[in-house]
Amino acid sequence: MITNIKTLSLIMLILTVFSCQNAEQKSIQFIEKEYGIFENENNSIGVELKLNEFDNWKDLLERTERIACSDSLPKLILKSATNIKTVYFRNPCWENYGCILIKHKNTIQIHNDTISKSDRFHYPLDSLATVLKKDFENNGKIPSWSASPEKLMIFISYDNGQMENFPKTLRSVVHEYEKLTDNVVLKIWLNEKLNIPPPPPPPPANWKEETE
């Protein structure tokens with residue numbers, strides 16, 4: 001009789017442990033957040049980019065362009081054990097624009113593993129938190145940095161064959177952005193790094209005399 005009671009107690013204990021484990025598993029829920037979509041936009045206009053479908057950065061940009069030109073927003077979904085973060089990219093449809101004027105001071109450019117500001121200041125990628133915080137808090141005080149957080153745009157680009165770090169970089173951008181604001185209108189463009197030639201050297205000091 002005592003043996004039966006001990007056996008029954010053991011079974012009840014095991015069932016209680018499994019019940020608690022199941023209850024704990026059910027209580028774990030994904031936290032879902034969306035970045036880069038405006039209040040007047042519906043997330044149904046998002047079209048997912050699946051990185052394993054692209055061989056290089058150029059192909060990814062071409063797909064992004066086609067999505068933008070179909071009145072949709074390209075997006076990338078970042079998943080972890082506890083959350084899902086959807087990032088919508090604000091790339092324009094260039095078929096509709098001759099050019100778009102954006103002041104360099106209002107941009108952060110990330111190319112491969114380097115951050116640049118105003119095409120003059122260059123930082124390693126692990127300086128992202130510092131650079132982003134300085135731009136957010138500048139509010140026009142320093143002319144070469146962002147005029148306001150609302151105007152700030154982040155451009156991300158890669159050389160072909162080096163885009164494997166893109167998801168990690170994007171996670172870092174979102175993570176550091178979350179530390180600074182609850183605003184989810186994070187404006188990111190996927191970009192092609194342009195090789196802009198340096199300006200011509202200034203004329204010699206005696207230039208006026210030589211031309212007179």
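All values below come from the heavy atoms of this structure, side chains included, with hydrogens, waters and symmetry mates left out. For reference, positions follow the sequence shown, starting with 1.
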Which atom of [X] lies closest to which atom of [Y], heavy atoms considered:
{"X": "Leu49", "Y": "Pro74", "answer": "CD1-CB, 3.9 Å"}
{"X": "Pro143", "Y": "Lys105", "answer": "O-CD, 3.1 Å"}
{"X": "Ile142", "Y": "Asn138", "answer": "N-OD1, 2.9 Å"}

**OP:** Could you go through the side chain to side chain donor-acceptor pair (under 3.5 Å) check for Thr114 and Asn112 one step at a time?
**Re:** CA-CA 6 Å; Thr114 301; Asn112 294 339; over 6 Å; no
Subject >> Verdict with reasoning, Trp189 to Ile102, per side chain to side chain contact (heavy atoms under 4.5 Å, CB included) >> reply: CA-CA 12 Å; Trp189 282 21; Ile102 300 173; 3.7 Å; yes
Subject >> side chain to side chain contact (heavy atoms under 4.5 Å, CB included) assessment of Leu186 paired with Val173 >> reply: CA-CA 9 Å; Leu186 172 60; Val173 170; 4.3 Å; yes
Original post:
Can you get from Ile108 to Phe121 by hopping between Ile, Leu, Val, Met, Phe, Trp and Tyr side chains that sit under 4.5 Å apart?
Top reply: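 Cluster IDs for Ile108 and Phe121 match.
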Subject >> Passing option when Tyr158 is tested against Asn56, Asn191, Thr169 for side-chain hydrogen bond (donor to acceptor under 3.5 Å, both in side chains) >> reply: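 Among the candidates, only Thr169 passes.
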Tell me which donor-acceptor pairs under 3.5 Å the side chains of residues 63-73 have, and how far apart each pair is, sequence neighbours excluded?
from	atom 1	to	atom 2	distance (Å)
Thr64	OG1	Leu60	O	2.9
Glu65	OE2	Trp94	N	3.2
Ser70	OG	Arg66	O	3.4
Ser70	OG	Ile67	O	2.7
Ser72	OG	Ser70	O	3.4

**OP:** Compute whether any side-chain donor of one residue and acceptor of the other, for Lys33 and Tyr35, lie under 3.5 angstrom apart.
**Re:**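 Indeed, the side chains of Lys33 and Tyr35 share at least one donor-acceptor pair under 3.5 Å.
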Subject >> Partners passing side chain to side chain donor-acceptor pair (under 3.5 Å) against Ser116 (at least two apart in sequence or in another chain) >> reply: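 Ser116 satisfies side chain to side chain donor-acceptor pair (under 3.5 Å) with no residue once adjacent residues are dropped.
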Original post:
For Asn43, which residues count as a side chain to side chain donor-acceptor pair (under 3.5 Å) partner, sequence neighbours excluded?
Top reply: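 Only Glu34 meet the side chain to side chain donor-acceptor pair (under 3.5 Å) criterion with Asn43.
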**OP:** May I have all residue pairs that pass salt bridge (Lys or Arg N to Asp or Glu O under 4.0 Å) and include part of residues 127-154, sequence neighbours excluded?
**Re:**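 Only Lys117-Asp135, Lys133-Glu137 qualify under salt bridge (Lys or Arg N to Asp or Glu O under 4.0 Å).
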**OP:** Sort and list the pairs that fulfil salt bridge (Lys or Arg N to Asp or Glu O under 4.0 Å) and have at least one residue in residues 40-56, not counting sequence neighbours.
**Re:**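 Output for this query lists Glu41-Arg90.
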Subject >> Chi angles and distances behind the side chain to side chain contact (heavy atoms under 4.5 Å, CB included) call for Val185, Ile37 >> reply: CA-CA 6 Å; Val185 185; Ile37 191 165; over 6 Å; no
Would a distance-only check, ignoring hydrogens and angles, find a side-chain to backbone donor-acceptor pair under 3.5 Å from [X] to [Y]?
{"X": "Ser80", "Y": "Asn83", "value": "yes"}
{"X": "Thr107", "Y": "Ile154", "value": "no"}
{"X": "Ser146", "Y": "Ser148", "value": "yes"}

Would you tabulate the side-chain donor-acceptor contacts of residues 160-168 under 3.5 Å, counting partners in other chains and residues two or more places apart, or write 'none'?
from	atom 1	to	atom 2	distance (Å)
Asn160	OD1	Trp57	N	3.1
Asn160	OD1	Lys58	N	3.0

Original post:
Between Ile84 and Leu78, is a side chain to side chain contact (heavy atoms under 4.5 Å, CB included) present by the stated rule, with each step listed?
Top reply: CA-CA 6 Å; Ile84 299 176; Leu78 304 173; over 6 Å; no
**OP:** Kindly check if the number of other-residue, nucleotide or ligand heavy atoms within 6.0 Å of CG (Asn40) is above 12?
**Re:**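 Enclosed: over 12 neighbouring heavy atoms sit under 6.0 Å from CG of Asn40.
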